[in-house]
Every structure is written in C-alpha cells, then in structure tokens.
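Contents: one structure, followed by commentary.
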Amino acid sequence: MPDDFERMWSDLAPIGRSARTGGYFRQPFLSAERELADWFLEQCVSRGLEVETDAFGNVVAWWRGGGVVSHLRVHEPSEPGPKGDSLPTSAGILTGSHLDSVLDGGAYDGPLGVVSALAAIDELRRRGFLPTRPIGVGVFVEEEGSRFGLACLGSRLATGAMSWESARELSDRDGVRLGDVLEGGSSSLLAGVGTFVELHVEQGRDLVDRAAAVGVASEIWPHGRYRFDFAGQANHAGTTRMVDRKDPMLTYAMTALAANKQARLVDQRATFGRIEVAPNGTNAVPSRVTAWLDARASSDASLGDLVETITRQALERAERDGTSLEVTAESVSASVAFDPALAAAVAADHADGDWPIVPTAAGHDAGILSAAGIPSAMLFVRNPTGISHSPEEHAEVPDCLVGVHALADTLERLAR
Ligand code: GLV
Ligand code: MN
Ligand code: MN
C-alpha cells in the first residue's frame, strides 16, 4: 500500500533540514537533494510507475493505467463539465514539480507538488479511475538556480529552451562546472507530454485574503537575474583618506537603495539578495563587489524599464565614486500567460464553487513548459504565513489534502 500524504511528508521533513534555522538546504546534485531523488524513485517503483530519466537528471514516472490498484471498484465517469471542451485531448498529462530548495528555504516550495502528485495518483486509484491518457509525475532539477545560478535549469534543458553547450559551462560557488556533474546531451523526456499541471504552495497572501484553500494560476510575471560587477581599488582602511577612495561597496550600497526605491515607485519588485566581496576583509577597502539583482514586473516592458533605470543610476554613481560597473543579464524570462481555457476548466465546477484564478510573481517550471508550447496550468495551495523562500513558509495539512483532491480531480478531468 503506497504511503499517504502525511506519511510521505513526514518522511521528507528531516532531509536537508538545518538544525540551526529550521530551513532547508537541498541544492541540486548534493546529498540532501539526491536523497530526495532516491526517495522519489522508490515511491514511483512501489506504485508500479514506469520511470524515465534524461541526461540532465530530470525524471518522469508514468502511470499508464495499470500498476497497483489499492482496491477495485467500477469507475463511474461523471458528466463532462460545461467547459470540458476546452481541455486539450492529446498525449500524456504530466504533473509534479521540483525537490531542490533555495538556500535555507521552506519545506513546501517544490516538494509539495511532488508529494501531492503521488498522493493524487493514490487517490485516483482509490476512486478506481483508470486513465485513458497516461499520467506522469515529474521532478525537474535545479528549479531554484540555487547552485548553478539559473532558475528552472532542468526544465529549460528538457524543453530545449537552453542548450547543453551553454549550460555545461555554468559553475557553482566552488567553481564546479555543471559539465563536471552531468554527462549531459539531449532530452526527449517531454516528448509524450500534452499537458502539464504543477501544484505549488502559494508564495504570497492572495488565497489567504480570498479565504480559499486552493487557487489556479493565470500568469507568471516576467523576471530576470542580473549580475552587477562593481570594481574599485583595494586600499588600507585606516590610511586612505575618504576622498581618495575608489570604493565599490559604496556604489553597490547606493545601487541597492536605488533598486528598492525605483521598484516601489512603480509597484514592481527589485531585490539584491546575494553579494560577493573581494577580498572581504574588515580593514581593507574592497577591490570588487559582485551583486545579483532579481527583478520582476507586471509586464515585459516594465521589467525592461525598471532594470534600465537601476542600471543608469548605478552607472552615474560609479562615475562619482571612481569605480566601474558591468551589468550582465544572466537569465531573463518573459511573462507567461497560462492557457486561459485550461485555467478556467481546471478552476470550474468544484463542490465549493469555482476556485480563484490568480497571477504570481514567482517563477516555475510550468512557465517554461508553457513557453515551450505545452499547455500548462498551476494549482496553488494556501500558505497562511504568506512567506516563502524562507523557513517560515507553511501550509496546513487540511489545505494540502484539499490540494491533493484538487489535483486528483484535475488529472481525472484531463485523463478521462
Ligand atoms: C522561484 O521560486 C523563483 O521565483 O525565483
Ligand atoms: Mn522557489
Ligand atoms: Mn518552486
């Protein structure tokens, strides 16, 4: 008998958890994330799913309608809903998410979608449902970009949105290249996928404010990661007069303030969450500061304007500080509008009415698959703290179980 949601959830809880912060460190291809990957394979095998992997570490496990059926009863397909004609009719239905985390992240971002996918298959089997279209549970690697810097790396490689030739040169903070970790090549993992449905913890307060346990995604804001390399002159912290300094830390500090102000002015988002300082000594003016800007906006044009304004102000300040600045866009993802008919069909006609359809400013593998032409939808599960990418991220078990049922209902509609 496969494990149920709560059992699976408690199996995962200790893996990669910091005793100091309570947060998770599940960086791709390192021990905690690999332990999760092994756990996932065991769960798939115990359910009789057909496991497929690709050269990048992505996995899809297919339920083709056979396998372990916990108990048998004749399935009575319910009448198609009024929006049933909107559902795509080709190929397999993929669900799932990712198992990696940001540094010191929450338990839910990623794993909730994977555990809920397995639990939804168990639920469909309990219902006696036999899919006429295969249902796959997928795990994409390095969704957060916490190790190799590029978000949704696994799904970008699997869809061909990024080539292995450029990805293999990415390196982590210790200088390990992705090409040293993976053999790489190409992927046909998604060849049989007609639709993708990703369940995810909500990363804001929209569902809390609407008093809804689950919601459906309408769109993903465009977002990008930009590396700001500030260079100056290393010098003595005591003997160098203030007017004689070329201090890149000052230019960076002003840029961080400018980013915050500019984003506030237009109600968009700009964050410097990571910096590296060289030589990083208390008694020396630094020679170099590298800082990464994460910027997000409600339209592609607004994102471009925001980053341009921040860059211009940083360059003006560099001129005054006697420092220099180079800005490199490490990744930019255009806005994604999820298939509106699919979103409406997923959201419609539930026992508790229609689920709300809400936008998100968080990035997801579903956005990459959607941009690659695979009709995709997302289900969100309410997060009472509204906090994410933090140990404080949370979802209550009853809401998670509503999510599992919502996903099972959605898969049943799509795979019928
Ligand atoms: C991923 O969760 C992101 O939005 O950065
Ligand atoms: Mn995330
Ligand atoms: Mn995620």
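Each ligand, and each atom within it, is numbered from 1 in the order the structure gives. What you are looking at is a predicted structure, and each value in this text was computed from that prediction instead of being measured.
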task = For atom 3 (C) of ligand 1, find the nearest protein heavy atom and state the residue, atom name and distance (0.1 Å precision).
result =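 Protein heavy atom at minimum distance: Arg296 NH2, 3.4 Å.
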query = How close does the nearest protein non-hydrogen atom get to atom 1 (C) of ligand 1, and which residue and atom is it?
reply =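 For atom 1 (C) of ligand 1, the nearest protein heavy atom comes out as Glu144 OE1, 3.3 Å.
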query = Which distance, rounded to the nearest 0.5 Å, do you find between the SG of Cys152 and the CG of Leu369?
reply =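 So the gap between those two atoms works out to 9.5 Å.
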message = I need the Leu315 CG to Arg317 CZ distance, nearest 0.5 Å.
response =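 Going from CG on Leu315 over to CZ on Arg317, the span is 13.0 Å.
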request  = Test Ser146 against every option in Glu33, Gln27, His389 by the side chain to side chain donor-acceptor pair (under 3.5 Å) rule and name the one that passes.
outcome  =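 Looking at Glu33, Gln27, His389, the match for Ser146 under the side chain to side chain donor-acceptor pair (under 3.5 Å) is Gln27.
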key: Closest approach to the Mn ion (ligand 2) by His389, given as the N, O or S atom name   =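 It is NE2, the N, O or S atom of His389 closest to the Mn ion (ligand 2).
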key: Test of ring centre spacing under 6.0 Å for Phe272 and Phe228   =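 Aromatic pair counts; centres sit under 6.0 Å.
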query = Would the Trp9 and Tyr108 ring centres measure less than 6.0 Å apart?
reply =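 Yes; Tyr108 has its ring centre under 6.0 Å from that of Trp9.
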task = Go through ligand 1 atom by atom and flag the ones less than 4.0 Å from a non-hydrogen atom of Ala362.
result =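 Near Ala362, the atoms of ligand 1 are 4 (O).
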ask   = At a 4.0 Å threshold, what atoms of ligand 1 neighbour a non-hydrogen atom of Gly363?
value =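 Atoms satisfying the 4.0 Å criterion: 1 (C), 2 (O), 3 (C), 4 (O).
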inquiry  = Which label fits His350 and Trp355: parallel for a plane angle under 30°, tilted from 30 to 60°, or perpendicular past 60°?
reply    =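 His350 and Trp355: parallel rings.
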task = Test the Arg225-Trp292 pair against the cation-pi criterion, namely NZ or CZ under 6.0 angstrom from the six-membered ring centroid and within 45° of the ring axis.
result =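 No, a cation-pi geometry is absent between Arg225 and Trp292.
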query = What's within reach of the Mn ion (ligand 3), meaning protein N/O/S atoms under 2.8 Å?
reply =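 Correct list: His98 NE2, Asp109 OD1, His200 NE2.
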ask   = For Arg264, does the CZ atom have more than 12 heavy-atom neighbours from other residues, nucleotides or ligands under 6.0 Å away?
value =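 Result for CZ/Arg264: open.
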message = Please classify the His389 to ligand 1 contact at 4.0 Å (heavy-atom distances, strictly less than): side chain, backbone, both or neither.
response =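 The answer is the side chain.
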ask   = Do Ala361 and ligand 1 have an N or O pair less than 3.5 Å apart?
value =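 Not met; the criterion fails.
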query = Does Asp100 use its side chain to pair, donor to acceptor, with the backbone of Glu144 at less than 3.5 Å?
reply =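 Yes; at least one donor-acceptor contact below 3.5 Å.
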